[in-house]
Amino acid sequence: MVFYHIKKSGLLAAGLLISMLLTGCAGGSENIQSGMQLIQNLDYQGAMAEFEEAEAANENERLLYRGRGIAYMGLTDYEQAISCFQTALAASSGIVESVDFDLNYYLAAAYTKNGQYQEAKDTYDAILALRPKEEDAYFLRGNALLNLGDFEGAKEDFDRVVSMSPQNYDRLIEIYETLDHFGYRQEGQAYLQNALDTAEGAMDQFDSGRIYYYLGEYQKAYLALEEAKGNGGAESYLYLGKAYEATGDYNYASSVYNSYISQDPSNAEMYNQLGLCEIAKGEYQKALEAFQAGLEIEGNDMVQALSFNEIVAYEYLGEYQKAAVLLDAYLANYPDDEAAAREKQFLSTR
């Protein structure tokens, strides 16, 4: 609905929005499920064909339009996506179900991608009117408010999020990154500093290390993370390497990434970060090899970043024709990537 019976009328948050897009309600019949699988494979046109078959077979109307909306988002046709999500919501029986919240999150995401931040905010308002403890909705509404220029309103939502889960340091870092993106780095760092000040020994070395990293206190960060990496977690190695990169010690940083890869060669994010580090060192062939090794890992969620960085590595190596071919394929899958569009303009001059 946008819960239509309530109200007619979501950047850094994009990461969370997209992570929601392929989760939520499952079910429906064969063609809808096939279409959703094609969406996961980035084959949006193929998904649309499956949804046409689903309509002809009178499959579940709400899930059908939900799937179409997600596919239109993949095709960057946000107007059509909004229309599909609204159609799915309007097909409600009038009893609010979990699918209605799922669809409203999608609708808010489409509004956000379409630059309709007020409509996104209104959608989160509707979600919170029925689920006042929905932490994600507060966080995403805060993002919408920042896009509307309402820092104080956004801060109220972020404060609410922190009060609901004071030890959710992943979300705390998301809040920092969002505020930093909108030019409020000091305000974002205040959240991080407060978490350190109030932890009273409850924060482990990994969490303190990465918070020190975002505070720019790199020596404290890598001292804490050196201890944390003993637990073997990939993120400890990633933050440790990035802390050394921030000090300019790229050689040690790359050794950190390679050390983890020698133990676990299935982490695509580690290969991506290693490749970025090798680019900073001027080792472009090694960077290319790292990105390509990451791309060979099946089912990883770093395909977009690795694919773009592979193109950049080819450019550094002077292989512009190869980069151009890969960039065309990349833009077919990610047509709204503005950085890639600028890269295409650059390559056209080479």
Side-chain angles (χ1 to χ4, degrees), residues 1-10 13-124 126-127 136-137 140 144 301 303-304 329-337:
M1 306 163 188
V2 65
F3 303 120
Y4 281 134
H5 57 281
I6 297 175
K7 176 185 295 189
K8 294 189 179 183
S9 2
L16 178 60
L17 292 171
I18 295 301
S19 74
M20 290 177 173
L21 291 183
L22 297 177
T23 60
C25 332
S29 57
E30 182 177 347
N31 292 305
I32 292 175
Q33 292 183 37
S34 296
M36 296 308 296
Q37 183 58 54
L38 288 168
I39 286 173
Q40 291 190 55
N41 296 334
L42 308 181
D43 183 358
Y44 305 116
Q45 295 290 359
M48 286 298 194
E50 287 291 335
F51 296 138
E52 289 291 332
E53 294 290 330
E55 186 170 31
N58 292 316
E59 294 183 15
N60 186 292
E61 181 182 14
R62 304 194 81 195
L63 295 184
L64 167 62
Y65 276 96
R66 173 183 181 271
R68 278 178 171 161
I70 296 170
Y72 275 124
M73 288 191 72
L75 293 167
T76 70
D77 189 340
Y78 303 119
E79 294 284 350
Q80 288 285 3
I82 289 166
S83 178
C84 285
F85 295 137
Q86 289 174 333
T87 299
L89 285 162
S92 168
S93 65
I95 299 172
V96 178
E97 303 174 298
S98 293
V99 66
D100 294 301
F101 293 95
D102 173 85
L103 285 164
N104 271 276
Y105 275 113
Y106 287 132
L107 178 60
Y111 279 137
T112 298
K113 296 292 284 185
N114 205 39
Q116 294 176 250
Y117 304 117
Q118 183 61 51
E119 288 82 356
K121 185 257 184 192
D122 291 343
T123 305
Y124 295 126
I127 292 171
D136 286 339
L140 293 168
D301 59 0
V303 172
Q304 181 174 2
Y330 177 93
L331 283 169
N333 288 328
Y334 311 104
D336 62 343
D337 190 326

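Counting all heavy atoms, side chain and backbone alike, M73 lies closest to A81 at CG-CB, 3.5 Å. The two atoms that bring R66 and Y106 nearest to each other are NH2-OH, 2.6 Å, heavy atoms only. Closest approach of E50 to S34, counting heavy atoms only: OE1-CB, 3.6 Å. Nearest heavy atoms, A47 versus G35: CB-O, 3.4 Å. Across A57 and N31, no two heavy atoms sit closer than the pair CB-ND2, 4.3 Å. Residues Q116 and N114 share a closest heavy-atom pair of OE1-ND2, 2.6 Å.
By the 4.5 Å heavy-atom criterion applied to side chains, E119 and L107 are not counted as neighbours. Contact of the Q33 side chain with the M36 side chain is not registered, since no non-hydrogen atoms from C-beta on lie closer than 4.5 Å. Within the 4.5 Å cutoff, the side chain of I39 has heavy atoms near those of the Y44 side chain. Residues M48 and Y72 have side chains in contact (heavy-atom distance under 4.5 Å, counting atoms from C-beta outward). A 4.5 Å side-chain heavy-atom check between S92 and E97 finds every atom pair outside the cut-off. Looking only at side-chain heavy atoms (C-beta outward), E55 and Y65 come within less than 4.5 Å of each other. Between K113 and I82 there is no side-chain heavy-atom pair separated by less than 4.5 Å.
We find the CG-CG distance between L42 and N333 to be 5.0 Å, quoted to the nearest 0.5 Å. With values rounded to the nearest 0.5 angstrom, D100 atom CG is found 10.5 Å from I127 atom CD1. Note that CD of Q86 is 11.0 Å distant from CG of L103, once rounded to the nearest 0.5 Å.
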(request) Show the numbers, then the answer: is there a side chain to side chain contact (heavy atoms under 4.5 Å, CB included) between Q118 and Y111? (result) CA-CA 8 Å; Q118 183 61 51; Y111 279 137; over 6 Å; no
(request) Give the C-alpha distance, both sets of side-chain angles, the deciding distance and a yes or no for side chain to side chain contact (heavy atoms under 4.5 Å, CB included) between Y105 and T123. (result) CA-CA 8 Å; Y105 275 113; T123 305; over 6 Å; no
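A donor atom on one side chain and an acceptor atom on the other are found under 3.5 Å apart for Y78 and D336.
Between R68 and D77 there is no salt bridge, since none of the side-chain N atoms of the basic residue sits less than 4.0 Å from a carboxylate O of the acidic one.
Side-chain N or O atoms of Q304 include none that pairs as donor or acceptor with a backbone N or O of Y334 at under 3.5 Å.
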